[in-house]
Protein chains: 2
Amino acid sequence: MTDVPATHPRYASLRTRDAIVAGVERGVTSIHGLVAHGRGEAFDYLLGERTRDFAREAIDAAAAMLVTARRPVVSVNGNAAALAPGDLIALAAAVGAPLEINIFHASKDRERAIRSHLLEHGAPDVLMPTAHAVLDHLDSNRRFVHPNGIHAADVIFVPLEDGDRCQALVQSGKRVITVDLNPMSRTARTATVTIVDNVTRALPLLLERVSARRNDDAPQALLDRYDNGQVLRAAEIALRAG
Amino acid sequence: MTDVPATHPRYASLRTRDAIVAGVERGVTSIHGLVAHGRGEAFDYLLGERTRDFAREAIDAAAAMLVTARRPVVSVNGNAAALAPGDLIALAAAVGAPLEINIFHASKDRERAIRSHLLEHGAPDVLMPTAHAVLDHLDSNRRFVHPNGIHAADVIFVPLEDGDRCQALVQSGKRVITVDLNPMSRTARTATVTIVDNVTRALPLLLERVSARRNDDAPQALLDRYDNGQVLRAAEIALRAG
């Protein structure tokens, strides 16, 4: 960990960068993931490094979608595992979803490292990609999934996802919730619900809303009202206005 | 190299990211350089990942400045060397400039790795920082330069430069051409000519303009007309408007 003092104005951002760097050292995060994180930092900076109203609206819809899902899955890549292992595990437990590993740049070693990382953080079990089930609409090796996880899921929570894969999931008839700091990305535009926020800020809020939604009798009404396009437009305006 | 298929809509950006990652593996690029690259990706995304008119205008002025320079130098850091070694060497050859290494985070090993990398890509020679010549207005170890290179230069092409160093070069009476995707950075605001574009797109265009300018009889008139502040304002408007 770095020697940045807690009083530094950008302490949270620098601590988050530390977590990603530690992920690389542990074999959980790819070097490419580090660059993607840098890009996220820039977008977060432009958004003022705080959770905005459009993100809260998406978080609320995501909670409603997760508690009403028949077979939700929490999909985890190297960056998500490095940044928020505990919250991802807690979210999966709260909505009765398995955790499944799915990474952009193929590496069996890294898949195993992410699995160990999640198990060490208290995950009861972690599904891995298999050769027995594939996603349609994808020709890369990123199409391999678990038959009882992503393959059978109706709702997938998949933060920091690639555009091609997000599109393939949606084309397979699944509802996709993502977290992406770039409201213009293909992932952001393709997902069913896009939370434009830092995953380390969004996950605790999502957990809180999932707990609140358990006692709510109208999650479907909220989902019917939700307009992801409107949320993305608000996010892009905020990004460009500074 | 990665397994990203050529059909991926963001193939160019992902290939560029690969080049930076390969640079780290080869000891040419620093880990800090990776995060900086990620930040650049975000700005490039906001600009639509294409060369805009304000960049073409700056590229034209840069070509005029380079062909009229008495002692031009091409300054190379770890990110530039990883992203565009061949184009940097071709540019130096086209304008009769030496290549000189100058990096932000001091490392003799990395300086040597960049030098080898450029020599392998066909550079006839590469100048290194020395203790015999220093830049005024800088107190860090980034002040060391080569007496026959940056120290004696009138025009310096230095893509992806740090703000402090750019300022020190300008204060030393040198004309500075930079490439920077953030039109609001100190480097962008301090340089004489700022090309707000991805270095991998800008360099081939600059090479083309340098060839065209050779047969031009009025490069000075073009330079007299050029207004970098106007170019930066156009770039910032584009960044915010999309």
Side-chain angles (χ1 to χ4, degrees), chain A residues 2 13-14 16-18 20-22 24-25 29-47 79 103-107 137-143 162-168 180-190 233 235-242, chain B residues 1-50 78-79 82-83 160 180-185 198 235-242:
Chain A
T2 183
S13 176
L14 294 168
T16 305
R17 191 188 289 179
D18 278 346
I20 276 285
V21 171
V24 173
E25 287 160 358
T29 307
S30 72
I31 299 281
H32 297 81
L34 215 51
V35 180
H37 183 75
R39 191 173 63 188
E41 277 188 12
F43 284 115
D44 203 11
Y45 202 100
L46 292 167
L47 287 169
N79 281 35
I103 64 181
F104 186 69
H105 291 285
S107 158
H137 317 287
L138 261 189
D139 54 7
S140 70
N141 50 22
R142 293 189 288 283
R143 71 184 187 280
D162 164 63
D164 270 7
R165 260 196 102 241
C166 185
Q167 203 153 22
D180 195 322
L181 277 159
N182 177 3
M184 296 158 292
S185 75
R186 285 189 311 127
T187 298
R189 286 184 282 118
T190 309
R233 281 188 292 279
E236 189 174 344
I237 288 168
L239 194 73
R240 297 207 188 260
Chain B
M1 282 292 158
T2 182
D3 52 340
V4 175
T7 53
H8 195 291
R10 300 200 57 259
Y11 182 69
S13 176
L14 293 167
R15 276 297 297 272
T16 305
R17 193 185 283 183
D18 277 347
I20 276 284
V21 171
V24 172
E25 286 161 358
R26 212 178 288 125
V28 162
T29 308
S30 72
I31 297 282
H32 298 83
L34 277 184
V35 178
H37 181 76
R39 198 171 54 193
E41 280 188 7
F43 284 110
D44 203 12
Y45 213 106
L46 290 166
L47 288 169
E49 292 178 329
R50 61 198 166 86
N79 281 35
L83 291 175
L160 320 177
D180 195 321
L181 278 159
N182 177 3
M184 298 161 290
S185 75
N198 190 311
E236 190 174 341
I237 288 167
L239 194 72
R240 298 204 183 268

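Lettering follows sequence order; numbering is per chain, from 1. Heavy-atom basis, side chains included; hydrogens, waters and symmetry copies ignored.
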Check B:Y45 against A:M184 and note the closest heavy-atom contact, atom names and distance.
OH-O, 3.5 Å
State, with a plain yes or no, whether a side-chain heavy atom of B:T7 is found less than 4.5 Å away from one of A:D164.
no
Considering residues at least two apart in sequence or located in another chain, which fulfil the side chain to side chain donor-acceptor pair (under 3.5 Å) criterion with B:H32?
none
With sequence neighbours left out, the residues meeting side chain to side chain contact (heavy atoms under 4.5 Å, CB included) with B:A12 are none
Which members of residues 24-31 of chain B, sorted by number, sit under 4.5 angstrom from chain A on a heavy-atom basis?
B:I31
Would you find a donor on one side and an acceptor on the other, under 3.5 Å apart, between the side chain of A:R240 and the backbone of B:L239?
yes
Sequence neighbours excluded, the answer for side chain to side chain contact (heavy atoms under 4.5 Å, CB included) partners of A:T187 is A:E161, A:C166, A:T178, A:D180, A:S185
Part of A:R186 lying under 4.5 Å from any heavy atom of chain B:
both
Any B:V35 side-chain heavy atom under 4.5 Å of A:R17 side chain
yes
Pick from A:L34, A:L181, A:N182 with the largest number of heavy-atom pairs that fall under 4.5 Å of chain B:
A:N182
A:F43 side, atom CZ; B:R39 side, atom CZ - distance, nearest 0.5 Å:
13.0 Å
